[in-house]
Amino acid sequence: MDVSTYLCFLSLCTCLVHGKPTLGKERVHHEPELSRQPHEDNQSYQYDHEAFLGKEEATTFDQLTPEESKARLGKIVDRIDSNVDGYITTDELKAWIKRVQKRYVYENVAKVWSDYDLNKDNKISWDEFKQATYGHYLANPEEFEDATDQFSFKKMLPRDERRFKAADLNGDLAAEREEFTAFLHPEEFEQMQEIVVLETLEDIDKNGDGHVDEDEYIADMFAHEDGGPEPDWVRTERDQFSDFRDLNKDGKMDLEEIRHWILPQDYDHAQAEARHLVYESDTDEDQMLTKEEILENWNMFVGSQATNYGEDLTRNHDEL
């Protein structure tokens, strides 16, 4: 179970599961690549299409006529222009591409939204989330007196409250869509990185000294139950800890070293693609794009029946 799945599961299912949650072992969060297609300009723009639209939406555009593709692209451009000044900057394109690539996150939130928005005001207050998630525990605390695990309900309630407040940018204790998305998927939002790092420390730091030592690091991924020799991969992980995790060589990881481990500074695919699209379409070389410039180079941004280079239009989405 990866970090995002685990964090979402923990928040969404606490009210349904009375057992102990399973600890997720995959800690490191990498930025995903925008497409598995090669970046082959002048041959195929499939990489650009999937980066700009997302894989499934790019396939939908491939079925359209050029006129339909241009019309839909024009509407997308209006949505990208966040400050409505008539120009698309690299930053606006980057933000759009990142949002498209996180579409599954927003779809997940849309599926559960009504379960938490109890008064249907298009916001989810902390009280609404607490009642929906912890209502049974709050009404029947005696059922959980023996829950001493790290992830007991008593400990998860203040932890979720802390995360909710971190996602609540305007401090009104009522999450709008973007704020609630950051709450459920903190690893996807830059402003939530401190929470992701802190929660990781709390998960692994069994002795409560505010650090993660080598044994705690190993215990998070390997349960040495039979008393026999450690597998080779565990010995390799111990070497990883001393060589690459413990940067200051004091035998333990602090918050900054944990950040370096779980949130590595990967290549920014969205930034590179945004710059590429601007460079290829900026006819007046002012480092920004107008709607006209984008529509003039529309086949780089979106596909149509005219820009498939002979590819099978009826192929299954799973083959992309």
Side-chain angles (χ1 to χ4, degrees), residues 29-62 64 66-107 109-110 169 176-179 181-182 185 187-193 263-304 306-308 320:
H29 177 69
H30 292 282
E31 286 289 330
E33 292 200 25
L34 305 181
S35 170
R36 293 184 180 180
Q37 302 294 330
H39 212 163
E40 301 177 312
D41 290 340
N42 302 321
Q43 299 180 47
S44 169
Y45 292 128
Q46 196 61 37
Y47 180 99
D48 300 301
H49 297 169
E50 292 186 8
F52 183 73
L53 296 169
K55 187 175 298 184
E56 291 192 8
E57 190 69 9
T59 305
T60 298
F61 268 78
D62 285 345
L64 303 178
E67 291 72 22
E68 291 171 325
S69 286
K70 290 180 185 179
R72 290 197 187 187
L73 176 58
K75 294 177 181 179
I76 291 174
V77 172
D78 292 336
R79 294 170 61 189
I80 298 173
D81 184 13
S82 57
N83 62 359
V84 199
D85 66 351
Y87 294 93
I88 304 299
T89 65
T90 300
D91 286 344
E92 287 174 322
L93 261 180
K94 175 183 173 181
W96 169 261
I97 291 170
K98 281 186 173 292
R99 184 176 180 87
V100 164
Q101 298 303 317
K102 290 191 292 189
R103 182 171 289 159
Y104 77 95
V105 171
Y106 293 100
E107 290 174 350
V109 171
L169 296 180
E176 298 178 354
R177 294 266 177 172
E178 192 77 1
E179 292 172 325
T181 304
H185 298 273
E187 73 285 350
E188 299 287 353
F189 291 82
E190 187 172 348
Q191 74 268 22
M192 299 295 288
Q193 288 185 357
L263 298 172
Q265 297 300 307
D266 293 332
Y267 176 73
D268 194 333
H269 297 280
Q271 177 76 15
E273 178 64 11
R275 288 175 174 172
H276 166 70
L277 291 173
V278 170
Y279 177 80
E280 294 294 338
S281 307
D282 183 20
T283 55
D284 62 5
E285 299 183 353
D286 64 352
Q287 309 301 312
M288 297 182 293
L289 299 180
T290 61
K291 179 185 284 190
E292 289 71 24
E293 287 175 319
I294 291 174
L295 293 179
E296 181 68 24
N297 200 22
W298 66 275
N299 60 327
M300 171 170 276
F301 290 84
V302 299
S304 82
T307 60
N308 273 335
L320 291 177

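- With hydrogens and angles ignored, the 3.5 Å screen pairs no side-chain donor or acceptor of Lys98 with any backbone N or O of Ala270.
- Heavy atoms of other residues, nucleotides or ligands lying less than 6.0 angstrom from CD of Glu296 number 12 at most.
- Between Asp81 and Glu92, some side-chain heavy-atom pair lies under the 4.5 Å cut-off.
- Salt-bridge check for Arg99 with Glu178: passed, with a basic side-chain N closer than 4.0 Å to an acidic carboxylate O.
- Lys102 forms a cation-pi arrangement with Phe189, by the criterion of a distance under 6.0 Å to the ring centre and an angle within 45° of the ring axis.
- The structure places OG of Ser82 at 7.5 Å from CD1 of Ile88, a figure rounded to the nearest 0.5 Å.
- Rounding to the nearest 0.5 Å places CG of Leu263 at 5.0 Å from CD of Gln193.
- Listed here is the closest heavy atom pair of Asn83 and Asp85: OD1-OD1, 3.0 Å.
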(request) Go through the steps to decide whether Met288 and Thr90 satisfy the test side-chain contact (heavy atoms from CB on, under 4.5 Å), and finish with yes or no. (result) CA-CA 7 Å; Met288 297 182 293; Thr90 300; over 6 Å; no
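- Between Ala274 and Ile97, the shortest heavy-atom distance links the atoms N-CD1, 4.0 Å.
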(request) Under the side chain to side chain donor-acceptor pair (under 3.5 Å) rule, what do Glu293 and Ser281 come out as? Steps first, then yes or no, please. (result) CA-CA 6 Å; Glu293 287 175 319; Ser281 307; over 6 Å; no
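- Contact record, Ala110 with Arg177: CA-NH1, 3.9 Å, taken as the closest heavy-atom pair.
- Between Leu64 and Ser69, the shortest heavy-atom contact is CB-OG, 3.6 Å.
- No more than 12 heavy-atom neighbours from other residues, nucleotides or ligands sit within 6.0 angstrom of CZ on Arg275.
- Of the possible donor and acceptor atoms, none in the side chain of Asp282 sits under 3.5 Å from a partner among the backbone N and O of Leu289.
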(message) Set out, in order, the CA-CA distance, both residues' side-chain angles and the distance that settles side-chain contact (heavy atoms from CB on, under 4.5 Å) for Trp96 and Arg79, then state yes or no.
(response) CA-CA 9 Å; Trp96 169 261; Arg79 294 170 61 189; 4.0 Å; yes
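- Residues Gln271 and His276 fail the side-chain proximity criterion, which asks for heavy atoms closer than 4.5 Å.
- Side chain of Glu280 to main chain of Leu277: no donor-acceptor pair is present (N/O by atom type, distance under 3.5 Å, no hydrogens or angles).
- Put simply, CD1 on Ile80 and CG on Leu73 are 7.5 Å apart, with the number rounded to the nearest 0.5 Å.
- For the pair Glu273 (side chain) and Lys94 (backbone), a donor-acceptor distance under 3.5 Å is absent.
- Rounding to the nearest 0.5 Å places NZ of Lys291 at 11.0 Å from CD1 of Ile76.
- Side chain of Asn297 to main chain of Phe301: no donor-acceptor pair is present (N/O by atom type, distance under 3.5 Å, no hydrogens or angles).
- Surrounding OH of Tyr106 are more than 12 heavy atoms belonging to other residues, nucleotides or ligands, all under 6.0 Å away.
- Annotation: the span from Tyr87 atom OH to Gln287 atom CD amounts to 13.5 Å, rounded to 0.5 Å.
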